[in-house]
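In what follows, chains are A, B, ... by sequence order, proteins preceding strands, each numbered from 1. Side chains are part of it too, since the values below use all heavy atoms of this structure and drop only hydrogens, waters and symmetry mates.
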Amino acid sequence: MPDFSPTELAVPGFILLVLIEMIWAWKNRPDAYEPRDTMVSLSFGLGSTVAGALTAGVFLALYLWVWQFRLIDFGAQWWTVWWAWPVCFVLDDLKYYWVHRFGHRVRWFWASHVNHHSSQHYNLSTALRQTWTGGLTLGFVFALPLVMLGFHPLMIAICAGFNLIYQFWIHTEAIGKLPRWFEAVMNTPSHHRVHHAINPRYLDRNFAGVFIVWDRIFGTFEEERPEEERIRYGIVKQLGSFNLLWAVFHEWIGMLDDIRRAPWRHKLSYLLREPGWSHDASRETSGMIRDRWQERRSQSEPEGTEEAIASERRSA
Amino acid sequence: MGMVVQIIGSLVAILLLVWVAHRLGLGGDAHIRSEEQARELARDLLDDFDPVAVAVDSGGRAALLRTADGRIALLRMHGTHPVARLLGPSASAIVCNADRRSALEVNIGERRFGPASLAIAAPHDWKAAIDAIAKAQHA
């Protein structure tokens, strides 16, 4: 039975690539890194490894219990069924798309996932800015269909590890657009820059892990348009602090505070509705921000552009 | 034991990378250089915010911007990037006098954000405008 963690083995490679990107930044874009931000991002990475190790046993036990009731049996030596690996990898990536989309659209999930987005920088250290509180959400539920189907939890964990390794290198501004065929199928630095952007047109777009095709299929794809506007990274309400613990828990604190203050009939909505939703319409969701931007854009541009925007929306 | 070694190794790697970033001078010293730049940053960071009045701190670390309808935003450098906040009813401002110079200390009401001190012209006018927001919201 395979017993290894691809992400742990990849750590020396991560360190080397961060060093190489820092040298690139030194020569070309000194503002691409900020030592205090790097410190916070890398501490997130270390803390998430520890948090993951503490909760992994619980989730593994749950998955192994569910695995008893699997629909397909790959046999006692399931790891020798070679074709199961790529199938598992693709299905795990589909799972990643949905868990990631929920991570942005449900505030309970966002309270955990916001950690990955709260840096105003976009570099390889941002890739390691992983949450400590993923175990407090229902993210684990999304893997259950794969387990039920018959994929062994270790096979899923290894595929998820390779998925995470793939996503490391796309967190950079050092690489522009890649060949069209690659951009069409794979998640790339260009597509993922869009995902980390807070410009209204880019909000809640490009949720893919490895294959960008999921965004194209499910209608959440947006092309990067560097010639039209400069990307701003981070979150709509920027943290404005390099305090690690505040960065880890700020959204949990905000959400629990909102639930505490809200009238009873709205309390659950603060947990389950999208970030930015409020019962008194005092805040804005990403959809509201984008709609207002679209409206302003169509008003300020000459006749005929509205049709172009509508067609852009259809093709996205 | 293996986990402890891994944690210590990771901590050493983190400190090494941060040291390298520091030694290479990454990040630098970013400032708001002009009123025009402050306007541009505010338009970028705040949706539908078109300032008509701007006051940039003489050190370039922060700026205040006001729209025609009386909304005020605080722009503050956070590392190499600016952070913007629209001032709400919990915002307050006091004019401080030190070394024969006036500075406006703006508190946006967020504990973690902390106060911003701005050496700007006509700090009393900006204080009055900030106070007016709180009054209007409480009325």
Review point. So with a 6.0 Å cut-off around NE2 of B/His22, is the heavy-atom count from everything else above 12?
Key: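 No.
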Practice item. Please indicate whether A/Trp169 has more than 12 foreign heavy atoms, meaning atoms of other residues, nucleotides or ligands, lying under 6.0 Å from its CH2. Key: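 Check passes, neighbour count above 12.
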Point to revise | Winner by heavy-atom pair count (cut-off under 4.5 Å) against chain A, out of B/Leu15, B/Asp48, B/Val83, B/Leu16 | key: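 Of the options given, most contacts go to B/Asp48.
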Review point. In terms of heavy-atom pairs under 4.5 Å with chain A, which of B/Leu17, B/Leu11, B/Leu86, B/Thr80 leads?
Key: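 Option with the top pair count is B/Leu17.
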Check your understanding: Can you name the one residue among A/Ile15, A/Leu42, A/Leu46 that meets side-chain contact (heavy atoms from CB on, under 4.5 Å) with B/Ser10?
Key ->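 Of the listed residues A/Ile15, A/Leu42, A/Leu46, the side-chain contact (heavy atoms from CB on, under 4.5 Å) partner of B/Ser10 is A/Leu46.
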Review point. Taking C-beta and beyond as the side chain, do B/Gln6 and A/Thr49 meet within less than 4.5 Å on heavy atoms?
Key: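 Sidechains of A/Thr49 and B/Gln6: in contact.
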**Study point:** Close side-chain approach of B/His81 and A/Glu34, heavy atoms under 4.5 Å
**Key:**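 Side chain of B/His81 against side chain of A/Glu34, heavy atoms only: no contact under 4.5 Å found.
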Check your understanding: Sub-3.5 Å donor-acceptor pair from the side chain of A/Gln120 to the main-chain atoms of B/Pro82, do we have one?
Key ->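 Yes; judged by distance alone, with no hydrogens or angles, the pair exists.
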Relative to chain B, which segment of [X] carries a heavy atom at a distance below 4.5 Å: side chain, backbone, both, or neither?
X        : answer
A/Glu229 : neither
A/Trp26  : both
A/Asp37  : neither

Choice from [options] maximising heavy atom contacts with chain B below 4.5 Å:
options                             : result
A/Pro200, A/Ala53, A/Pro30, A/Ser41 : A/Pro30
A/Arg296, A/Met39, A/Gln238         : A/Arg296
A/Val50, A/Thr38, A/Leu128          : A/Val50
A/Arg230, A/Glu8, A/Arg36           : A/Glu8

Euclidean distance, [Y] [atom2] relative to [X] [atom1], rounded to 0.5 Å:
X        : Y        : atom1 : atom2 : answer
A/Ile23  : B/Leu24  : CD1   : CG    : 7.0 Å
B/Leu26  : A/Met22  : CG    : CE    : 6.5 Å
B/Met3   : A/Leu54  : CE    : CG    : 6.5 Å
A/Asn199 : B/Asp44  : CG    : CG    : 7.5 Å
B/Asp47  : A/Arg292 : CG    : CZ    : 4.0 Å

Check your understanding: Between B/Glu110 and A/Lys237, does at least one N-O distance fall below 4.0 Å, as a salt bridge requires?
Key ->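 Yes, charged N to carboxylate O under 4.0 Å.
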Practice item. Specify whether A/Phe242 and B/His78 have parallel, tilted or perpendicular ring planes, treating 30° as the upper limit for parallel and 60° as the lower limit for perpendicular. Key: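 Parallel, since the angle between the ring planes stays under 30°.
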Point to revise | Interface moiety of B/Leu46 toward chain A, non-hydrogen atoms closer than 4.5 Å | key: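 It is neither, since no heavy atom gets under 4.5 Å.
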